[in-house]
2 protein chains.
Amino acid sequence: MDFGVRSQPVSARDAVYAQLREQILKLELPPGTPLSENETSVLFGVSRTPVRESFLRLAQEGLVQVLPQRGTFVSLIDTALVEEARFMREQLERAVIRLACGEFPQEALTRLEMNIRQQEVCIEAQDDKSMFELDESFHRILFDGCGKRNIWAVMQQMNAHLNRSRMLRLVDDHNWAHLYEQHRLMLEAVKAKDGAGAERLMTEHLSLNIADQALLKEKYPNYYK
Amino acid sequence: MDFGVRSQPVSARDAVYAQLREQILKLELPPGTPLSENETSVLFGVSRTPVRESFLRLAQEGLVQVLPQRGTFVSLIDTALVEEARFMREQLERAVIRLACGEFPQEALTRLEMNIRQQEVCIEAQDDKSMFELDESFHRILFDGCGKRNIWAVMQQMNAHLNRSRMLRLVDDHNWAHLYEQHRLMLEAVKAKDGAGAERLMTEHLSLNIADQALLKEKYPNYYK
DNA sequence: ACTACCATACTACCATACAAGTATGGTAGC
DNA sequence: GCTACCATACTTGTATGGTAGTATGGTAGT
């Protein structure tokens, strides 16, 4: 019986796309890695067509670069793009959390509470992977609750670049406790409907991401453009 | 000799994509129109492959909807999506024009001046098509001047939906004179480095877009979801 | 030793064939 | 006349062959 855990029968194309995207974001496929349609197709056990289509989709999102008749490569991290992504995210997150302070469905509020609790558990367990996902979820729930899930979706496109940079940072420094505390305070502000305070917290929260972009570029020079 | 007017040899895929996109945005292919991979391929004189790939790209941008084994259709206009697009654009345009009031390259300022002059000409000539493009250019130049062209690019993705709605409105009412006046005032504000004033003008300017979404939905019910 | 050249082995792009699912119109049975 | 069914003609998804352009390593000539 199908319990509806996956509403779509997942095409080969989507499966390949999803897996490649994840590997690129997690830096398992580091920037600059060449990707071959042929190799990938035998790896996934499908033909070149779905592989090619997934490459095109990744290219549109800027995660890979397709050079006609030469090859396809995982994109190098573009610092300018990362900063633009951060800027964009800051503007939208601020606007959304201010909205959330005005009107916010109870259901979404509950999900935020649950998310926070889960963060506590993951910090104790030092589960970085889950923590990263919970961080993402926290912000997505805010957008969801404000009826702005499409904005979240297109933002994710630029976020992909920002996230690769964040991922590099996490190798050295986790600092989840600090991020957790900020999440907690933001939730408090939303519940107290303190728009100005929430905006300020969000700005602070997101400014952490960009802190030492230049240092990273020095440390991992061949990952950057 | 190649004067470099086109840096890329334009693949068949990109040609098909660009033309379909324009026809969809200009409502020459109205919402709901079925698109056949086969028909389109003979129409453009290419095989199904590049057509299919262009369909996939349009689908990712939400301009067409692909129903596996059933067909591909030009997406209906989603009012919720239009409102999200407007909201997103407002936040980003406000932030950018405020930036522009702080620091803005002379070269971009000159392009804005030129753009304004061209608008004057087009209004006299009642050239709607050019006016629409100049309107777009005006805002793009602002993003460009602030080094935010990638943000503009991803924003265009959601803007596609907003623009179809705007296009419907233009059938009845042009009102270019008003928009021109607002553009002119915004340029003045940027030159005077009046951030607060520029933001206010921009908010006003963009709020026009959404005015009578409900009316449009009543007038063209089968274009909307 | 160094350079120019060329065969070779890649690459992505496009065309085409086949597979699998869906809508539809006609027909047999009631 | 009405309904259930099925052949058929669609649709998109996938596989594969062929083409043109590019990078590369080896070789002949200097």
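Quick caveat: nothing in here was measured; it's all calculated off a predicted structure.
- Salt bridge present: A:Glu90 and A:Arg86 bring a charged side-chain N and a carboxylate O closer than 4.0 Å.
- Under the 4.0 Å criterion applied to side-chain N and carboxylate O atoms, A:Asp135 and A:Arg166 are assigned as salt-bridge partners.
- A:Glu53 and B:Arg57 are not joined by a salt bridge, as no carboxylate oxygen comes within less than 4.0 angstrom of a charged side-chain nitrogen.
- Annotated stems with DNA chain D as a participant read C:1-30 with D:1-30, given as range with range, by first number; only runs of 3 or more Watson-Crick or G-U pairs under 3.5 Å qualify.
- Counting to the nearest Å, the P atom of D:dT12 and the CG atom of A:Asp14 are 16 Å from each other.
- Among residues at least two apart or in separate chains, salt bridge (charged side-chain N to carboxylate O under 4.0 Å, His left out) pairs with a member in residues 68-79 of chain A are A:Asp78-A:Lys225.
- Among residues two or more places apart in sequence or in another chain, the side chain to side chain donor-acceptor pair (under 3.5 Å) test is passed with B:Glu84 by A:Asn150.
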With a cut-off of 3.5 Å and sequence neighbours excluded, list every side-chain donor-acceptor pair involving residues 29-39 of chain B.
from    : atom 1 : to      : atom 2 : distance (Å)
B:Thr33 : OG1    : B:Pro30 : O      : 2.5
B:Ser36 : OG     : B:Asn38 : N      : 3.2
B:Ser36 : OG     : B:Glu39 : N      : 3.1
B:Glu37 : OE1    : B:Arg48 : NE     : 2.9
B:Glu37 : OE1    : B:Arg48 : NH2    : 2.8
B:Glu37 : OE2    : B:Arg52 : NH1    : 3.2

Inset, instruction - Summarise how protein sits on nucleotides 6-12 of chain C as a single string, 5' to 3': B when a protein heavy atom is under 4.0 Å from the base, S for sugar-phosphate-only contact, - for no contact. - result: -----BB
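- Taking the side chain to side chain donor-acceptor pair (under 3.5 Å) definition, one finds that A:Arg117 meets it with nothing, sequence neighbours left out.
- Atom CE of A:Met88 and atom CD of A:Glu83 lie 13.0 Å apart (nearest 0.5 Å).
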